[in-house]
Every structure is written in C-alpha cells, then in structure tokens.
Amino acid sequence: MAPISWADLPPDLIESISNRLGLIDLLSFRGVCQNWNLASFTSSAEIESTSCCEPWFLLYGENSQCSLLSGNDKKYKINILELNGATCIASKEGWLLVHREGSLFFFCPFSRAKIELPQFPYSELKDHVAAFSSAPTCKDCIVCVVCQNDEMDVLLYTLSHGAVAWTMHKYTHTRTCFKSVKAATYVDKTFYFLDDTNQVIKFSPEEDVKWARRQIVDHHSECREFLPFFIKRSCFEEKSIIEKLGLKNDVWITSCGTIVPTGKYPKLFFNESINKTQESESCCHKGVWLTPRFYQISPGTCKNDFTVGSIRLLDFICYSFLAGVVNSAAEIN
Amino acid sequence: MSSSIASSSSSSSSSSKKEKKISLKTSDGEVFEVEEPVAMQLEIVRSFFADNEDVTEQTVMPLPNVSTAAMHGILEYCRAHEEFRRRMPEAAPEEEVRAFEAGYVDRKSNEELKEMILAANYLNISKLLDFLTGVAAKRIENKSVEYVRAFFGVENDFTPEEEANLRREYEWAFEGVDED
C-alpha cells in the first residue's frame with residue numbers, strides 16, 4: 001500500500017489545517033493543488049477574527065485599484081472591480097455593505113463573494129450609515145440603514161434575511177438634536193447609533209419599546225446602563241494611516257468603521273472624515289476598516305431564500321437576497 | 001530504537017507492579033505495552049474496551065492503520081501529557097507543555113508529521129490532532145505556493161488555465177512571501 005501523500009489526506013484533515021491559516025496563507029494554500037483547494041472551500045481565515053488581531057484598512061473607490069494595509073502594517077495593491085465608484089456603509093466580520101450605482105450589496109473583497117439586497121428606497125445615499133447583526137449568510141441577519149431627514153428625524157430602514165422589501169422606522173427627536181450618525185453597530189439584539197456628541201440612540205427590533213435614547217457619561221457617574229462595547233473615535237490618526245499608505249498629508253479621506261472583538265467587550269471604530277475641504281467630492285478618498293476574512297458561498301447553504309447558479313471550481317459566485325438575480329464575476333468584468 | 005522504548009516501559013512496569021497495561025499491535029506487527037491511562041487517551045482504544053465486555057488484560061488490540069514509527073511519536077506525546085496531568089491535575093503547567101511541544105515537533109520531518117496526523121485521526125486523539133494540524137499550518141505560514149508544493153511533495157494538478165486564474169486573482173497577496 002502506497003503511503004498517503006499530503007495532497008491526498010482526507011478532506012477533513014486538510015480542512016483542519018486550512019482552518020488555522022490567516023488570509024494570505026489561506027490564499028496560498030488554495031493554490032497548491034486541487035484537493036487542497038476543494039477541501040478548504042469553507043475555510044474563511046477565522047483566526048483573523050480573534051481578539052488579538054487588529055483590523056485591516058482598505059483604501060478604495062477612485063478606480064478599481066485599492067490599497068490594503070494589513071494589521072501588521074504590510075501594504076498591498078489589490079484590484080477590486082466591484083469597488084470602483086462604490087461606497088462602503090458598514091463593515092463587520094469580513095463582510096462589507098456596499099452601495100454602488102443605486103444598488104446595495106454585501107461583499108467580501110477578497111473572495112469577491114457578493115450578495116445583492118432588494119432595491120433600497122433611495123437610489124442616492126448621502127451620509128447614510130449602516131449596521132448588520134451577523135454575516136449575511138446567517139438566517140437571522142438583519143440589515144439596518146440609518147439616515148436623517150431635514151426635520152432631523154432619524155429614519156431607519158431594516159431588512160431581515162429572506163425579506164423582499166425594506167421596512168421604515170422613524171424616530172422623532174423630542175428635545176435636543178441628535179447630530180449626524182458617526183457610528184452604528186449591533187450588539188446583544190440591539191442596534192446602536194452614536195453621534196460625535198456622546199449621544200446614543202438604541203433600536204431593538206425584537207422589543208416592544210424599540211427606541212431608547214441615552215447619553216454617554218463618565219464611567220464614574222451613577223449610571224444604570226453600560227454600553228456593551230468600547231468606542232474608538234480617531235483610529236485613523238492614532239494608527240498613522242496616511243503615512244503608512246504613503247498619502248499626502250492634506251488628503252481628504254472618509255472612512256467607514258467596524259466592530260472587532262477585544263476580550264470581554266468588542267471595540268467599535270467610528271466613521272471618520274479627515275481633512276475635509278470645500279473642493280469637489282471627487283478628490284475624496286474612501287477607506288474602510290475590515291476583518292480580513294475569506295468567504296465563499298456554496299449553492300447548498302441557502303436553500304429557501306436564494307437561487308444560486310451552478311458553481312465551478314475557482315469561480316466567484318454572486319447571489320442575491322432575492323430569488324432570481326444571479327451574477328458571476330465574469331459578467332461584471 | 002523501538003526496543004529501547006519497549007524496555008523502558010517494561011522497567012517502569014517492574015517498579016509499579018500493579019499498573020495495568022494495554023497491548024496495542026501496530027500495522028507492522030509490533031506489540032506495544034501501554035500504561036492504561038496513556039492508552040485511554042486514544043479514543044479508539046477507550047471505546048474498544050468500554051464497548052467490548054469480553055476483552056481481558058490479555059487482549060491485544062490490533063491497530064492496522066498505525067505504523068510502529070507513528071506509534072512511537074504518539075505515545076511520546078501521550079505519555080508526556082499524562083505525566084503533566086499526574087503532576088498537576090488541576091491545571092497543566094502551560095510553559096512546560098509549550099516547551100515540550102516545541103521541542104517535540106522540531107524533531108519531526110514532514111513525513112513523520114503526516115504519518116502522525118493520519119494516526120492521530122484514526123486513533124481519535126483530538127487534542128493531539130489539533131496540535132499536529134496546527135504544526136502543519138505553522139509550516140505553511142508566509143510561504144509561497146511553489147515552496148509549499150516542494151516542501152510537502154505536492155504535485156501541481158491545476159490546468160494551466162486554472163493556475164493562471166488563481167495567480168491573477170491572488171497575485172496581490174503573493175508579493176513578499178519568503179522564498180526560502
């Protein structure tokens with residue numbers, strides 16, 4: 001009996017090796033041979049989501065050429081067609097919520113897995129901020145896009161996994177104004193929206209009293225509630241992103257935050273806008289903090305809510321929250 | 001080399017006469033007399049003895065998928081962990097465990113590592129399997145595709161078209177990996 005080679009190890013053993021690799025090593029692993037490629041299909045670089053890992057930063061949007069800064073400050077140039085002219089409005093667990101040419105979709109920039117969402121009520125998004133409860137492949141995923149109208153109402157649009165249309169919820173201010181939303185996240189069954197004046201609005205989809213308003217106060221004061229996460233307002237400067245990416249000092253950048261695990265409580269990165277000028281918006285660079293995960297979507301994982309086309313080795317599959325819309329990367333090209 | 005292990009285990013048995021031994025026979029016919037607590041770390045052995053009432057101390061359990069060489073490696077690991085457990089039943093001495101594990105894998109070639117992964121999988125020792133697949137992953141870290149292929153003796157079986165697709169798609173990630 002000939003000894004079993006590394007290439008011919010049982011798939012579950014190959015997978016338990018590939019499950020221990022970070023993003024870059026996983027990409028190499030997948031390129032070694034067919035068996036390794038197939039057996040590592042569900043590996044998603046999960047170790048990058050452990051609490052000791054820093055989020056990566058992706059600079060995108062001007063054309064398809066993006067710059068990527070890893071957690072240990074290594075710089076990569078990466079071509080991502082889908083982000084040409086796009087805007088990320090939320091980022092969590094390696095998934096980005098992206099707005100581009102009137103449509104909203106979930107996107108994993110490394111695998112280029114794409115999940116289209118039903119038509120959003122507005123085709124133009126301006127100062128919209130979003131959050132989602134869990135990965136879009138989870139059955140209980142809720143997406144939430146927030147914006148403010150001229151009357152300073154907070155308008156919330158939610159979409160549950162499997163739903164075909166967005167639901168609008170309105171919160172009207174009674175006393176002081178809530179400034180524009182600078183961070184949004186979902187922790188413990190509740191969406192949190194924060195502005196830069198320490199005000200917080202909570203929205204709990206499952207509760208009877210859905211809305212609640214709070215103020216962040218010093219941790220010594222006698223408060224009855226704690227925020228279930230840490231907040232980080234100026235990570236861009238703290239981490240010297242401009243220098244590390246080799247950009248000009250006065251470059252205008254807007255960035256989308258994310259939430260990352262850190263021990264007991266997660267850490268929320270605020271959205272930021274650096275060096276905003278009066279010049280035309282085309283000068284604005286865009287960036288997003290993200291966890292470097294690699295998700296591939298197989299047709300079998302989402303029977304009821306999705307229709308997925310046939311899948312071939314090495315193809316990037318795009319599928320839709322709504323039945324019937326199937327794109328492949330080749331068509332986008 | 002195998003005889004030295006066998007003799008060392010028999011000498012330890014003479015010092016503690018009462019210790020129960022379990023006989024395990026590898027694919028190449030060698031019989032290992034293994035102290036019971038060590039043998040019970042092998043889930044396949046534990047369930048064999050738990051499920052079969054008619055087995056006795058004289059029963060030799062055949063392990064047709066495990067070579068003698070892999071068995072030596074497996075027992076070395078299991079004996080060390082049994083020793084840690086015996087000395088500190090509450091919490092393993094983490095630093096010592098790490099030091100042992102580091103030295104342990106340094107001596108293993110890729111071939112030995114693979115044989116032990118297969119054996120640990122067959123014997124169903126989840127802790128050792130986790131550890132060994134982690135070691136394999138560590139050996140891949142920050143290496144190029146070509147290096148990994150050569151290092152593990154894996155043949156490239158992609159068609160030139162598939163290979164080119166992969167390259168193009170992931171090219172960005174492969175700049176700056178170690179070429180050693």
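The shown structure was predicted, so the numbers you read here are calculated from the model rather than taken from an experiment. Any value given below was found using the heavy atoms of this structure, including those in side chains, with hydrogens, waters and symmetry copies removed. Each chain gets a letter, A, B and so on, in the order the sequences are listed, and its residues count up from 1.
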Taking [atom1] in [X] as the centre, count heavy atoms belonging to other residues, nucleotides or ligands within less than 6.0 Å. Is the count above 12?
{"X": "B:E112", "atom1": "CD", "value": "yes"}
{"X": "B:K25", "atom1": "NZ", "value": "no"}
{"X": "B:K127", "atom1": "NZ", "value": "no"}
{"X": "A:E238", "atom1": "CD", "value": "yes"}

Closest approach of [X] and [Y], non-hydrogen atoms and distance?
{"X": "B:W172", "Y": "A:L27", "result": "CZ2-CD1, 3.7 Å"}
{"X": "B:F174", "Y": "A:I24", "result": "CE2-O, 4.4 Å"}
{"X": "B:F158", "Y": "A:R30", "result": "CZ-O, 3.6 Å"}

Exercise. Hey, which of B:L132, B:L118, B:V135, B:L129 has the most heavy atom pairs under 4.5 Å with chain A?
Worked result: B:L118

Problem set entry | Contact leader toward chain A among B:A136, B:G153, B:S67, where contacts are heavy-atom pairs under 4.5 Å |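 Highest number of heavy-atom pairs under 4.5 Å: B:A136.
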
Exercise. What's the spacing between B:Y170 OH and A:F294 CZ if we round to 0.5 Å?
Worked result: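 Nearest 0.5 Å value for the OH-CZ distance: 3.5 Å.
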
Exercise. Roughly how far, to the nearest 0.5 Å, is the SG atom of A:C33 from the CZ atom of B:R149?
Worked result: 8.0 Å

For this session: Answer with side chain, backbone, both or neither: which region of B:E171 has an atom nearer than 4.5 Å to a non-hydrogen atom of chain A?
Result: neither

Exercise. Residues in salt bridge (Lys or Arg N to Asp or Glu O under 4.0 Å) with B:E43, at least two apart?
Worked result: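 B:E43: salt bridge (Lys or Arg N to Asp or Glu O under 4.0 Å) contacts with B:R46.
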
Exercise. Does B:D130 have any salt bridge (Lys or Arg N to Asp or Glu O under 4.0 Å) partners at least two apart in sequence or in another chain, and if so, which?
Worked result: A:R20

For this session: Please list, in residue-number order, every residue in residues 6-19 of chain A that has a heavy atom less than 4.5 Å from any heavy atom of chain B; write 'none' if there are none.
Result: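 Expected list: A:W6, A:A7, A:L9, A:P10, A:D12, A:L13, A:S16, A:I17.
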
Exercise. Name the one of B:V145, B:V148, B:N142 that satisfies side chain to side chain contact (heavy atoms under 4.5 Å, CB included) with A:S28?
Worked result: B:V145

Exercise. Relative to chain B, which of A:G22, A:S5, A:G31 shows the most heavy atom pairs under 4.5 Å?
Worked result: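 Most pairs with chain B among the choices: A:G31.
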
Problem set entry | Engaged part of A:L23 at the chain B interface, taking heavy atoms whose separation is under 4.5 Å |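 Side chain of A:L23 only, per the 4.5 Å heavy-atom cut-off to chain B.
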
Exercise. With B:S47, which residues qualify under side chain to side chain donor-acceptor pair (under 3.5 Å), at least two apart?
Worked result: none

